[in-house]
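Below: one structure, written as structure tokens.
In what follows, chains carry the letters A, B, and so on, assigned in the order in which the sequence lines appear, proteins first and then strands, with residues in each chain numbered from 1.
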Amino acid sequence: YCFCKKEAQPDNEESPGIAEQKRDPCRFLTQEQVTARFAEGLIPVIRQRIPNQGSTTFVDHVYGEITVENTQLDDQVLLKSDGFPTYNFANVVDDHLMEITHVIRGQEYLSSTPKYNLLYQAFGWQIPEYVHLPLILREDGAKLSKRAGDPSFEDLVQMGFLPEAIVNYVALLGWNPGDEREIFTMEELIEAFDIERINKSSAAFSLEKLTWLNGEHIRRLDPQKFHELALKYYPEGVRHLDLEKISRLIQIRIERFTEIPTMVKFLYELPDYDAALFENPKSKSTLQSSREILQEVIPLLESMQEWTNESLFTALKDFAAAHGYKIGTAMWPIRTALSGQFASPGGATELADLLGKDETLRRLKIGLAKLQP
RNA sequence: GCCCCCAUGGUCUAGUGGUUAGGACACAGCCCUUUCAAGGCUAUAACUCGAGUUCGAGUCUCGAUGGGGGCACCA
């Protein structure tokens, strides 16, 4: 029993209260003294008496042998004055009752594990095996915590990450398979994972690398599966188009599902772009070449019977060859006029196929108009 | 303040006494290419410091420094 007053919360700065509280002043109260205090109407807590000497040692599967001097341990409260057990006490009892054999938890519990063990010993219970895991830090080195606004697993899913990619990434934080593989399916991870290869130092969480890994997982997705997952990200404006075709085009280009809406926006809303976009040194495109090409290509496309990616590509390739253009030079103004963007998911003919003949011709004419002197 | 843990490029890591210190992300360049991605190639970049032990230390020992965590009638 301990009848001491509740200690005031330790001050933020120096907190001498901690050191002084190690040993409970009430630990040697006699039966009479206890009875007397009850008679005064005092309400006690129950503390565990920790030996004043010796040390407590245990072996962790990751960190090896850990020893803490008993003098470092508080006479910890087991039952609070309201009669409820403390977390630590309840935890030990609960784990024992549930016949827990292995405790796997964060490294922050490493130095308090001895006091759990002392409790197990006091009850004569079997001490479980311990596996303490290195902590995950933020990139600035601070501890990752939801209170500080760091994302949870669910948040990451919300942000467009695949659960298996998140698990894959986190597994790599403090563990490696011993070879140079990094990308794992759940099954492969289960197969390869081994507690023995967990390392001891904490790791910084890199959203950048998770993003890359997520992209790898997305690309490896079965196209049909990808399409199903992508479906809910497609905005209303794009739903009249062939969504499966769009899915095939964007699967290899996105790293997060949340990129989809902005990536496909141009399909239903042609951006207001500048004619300068038609100039591109890499494809040897100039304003003039672009104008000439659009002028000739529009009637050519108007006469097309079969409107598919393949037929369009063949026709345009022949067109380029006939006029002495590089394919890139011929395609650039078309792609640009169709997307209104410097970059797009899919090339000229893929976009034409997707948009359909009418919309393609409409956009090409808009582009040509921008190029008229 | 006391105690515990950790320490290889900016980040994640391989490495268990002898290596040109390997890989990945990011960055830069090149190739490929109907744009962008993806893919391929190349480049830049690391053993925290100081003493030992040893013929020889990233690797073993000790110390320092740095970082993280824990020290509640909270869970």
query = Looking only at side chains, do A/Glu296 and A/His323 share a donor and an acceptor under 3.5 Å apart?
reply = yes

task = Spell out yes or no: do the side chain of A/Ser81 and the base of B/C73 have one donor N/O and one acceptor N/O closer than 3.5 Å?
result = yes

key: Steps toward side-chain hydrogen bond (donor to acceptor under 3.5 Å, both in side chains) verdict (A/Tyr130, A/Asn117)   = CA-CA 11 Å; A/Tyr130 289 106; A/Asn117 289 349; 2.8 Å; yes

query = Mind checking the P distance from B/C47 to B/G10? Whole angstroms is fine.
reply = 9 Å

inquiry  = Just to be sure I understand the rule, does A/Arg197 reach a base, reach only the sugar-phosphate, or reach nothing, if contact means heavy atoms closer than 4.0 Å?
reply    = sugar-phosphate

task = Describe the nucleic acid contact of A/Leu173 in one word from base, sugar-phosphate, nothing, applying a heavy-atom distance below 4.0 Å.
result = sugar-phosphate

inquiry  = With a 3.5 Å limit on both atom pairs, tell me what B/C71 is paired to, counting Watson-Crick and G-U wobble, or say none.
reply    = B/G1

request  = Output the single nucleotide from B/G70, B/C5, B/G39 whose closest atom is nearest the side chain of A/Glu108.
outcome  = B/G70

request  = Classify the nucleic acid contact of A/Val77 as base, sugar-phosphate or nothing, counting any heavy atom under 4.0 Å across all strands shown.
outcome  = sugar-phosphate

message = Check this for me: does any side-chain nitrogen of one of A/Arg362 and A/Glu359 sit under 4.0 Å from a carboxylate oxygen of the other?
response = yes

remark   = Among B/A75, B/C5, B/G68, the one nearest any side-chain atom of A/Leu110 is B/C5

query = So what does A/Ser111 touch, heavy atoms closer than 4.0 Å: a base, only the sugar-phosphate, or nothing?
reply = base

Ring-ring centroid check A/Phe38 A/Phe3, cutoff 6.0 Å = yes

ask   = Under 4.0 Å: is that the gap between some side-chain N or O of A/Lys200 and OP1 or OP2 of B/C6?
value = yes

task = Round to the nearest Å and state the distance from A/Tyr130 atom OH to B/C5 atom P.
result = 16 Å

request  = Using a heavy-atom cut-off of under 4.0 Å over every strand shown, decide if A/Ser339 touches base, sugar-phosphate, or nothing.
outcome  = nothing

query = So what does A/Gln251 touch, heavy atoms closer than 4.0 Å: a base, only the sugar-phosphate, or nothing?
reply = nothing

message = Generate the contact string for nucleotides 28-36 of chain B. Rules: B means base contact, S means sugar-phosphate contact only, - means no protein heavy atom under 4.0 Å.
response = -----BBBB

request  = Return the value, rounded to whole Å, for the distance between atom CD1 of A/Ile252 and atom C1' of B/G39.
outcome  = 10 Å

A/Phe84 CZ to B/C73 C1', straight-line distance once rounded to whole Å = 13 Å

task = Measure centre to centre between the rings of A/Phe257 and A/Phe226, then say whether the value is under 6.0 Å.
result = yes

key: Candidates B/C25, B/C5, B/A75 - which lies nearest the side chain of A/Tyr87   = B/A75

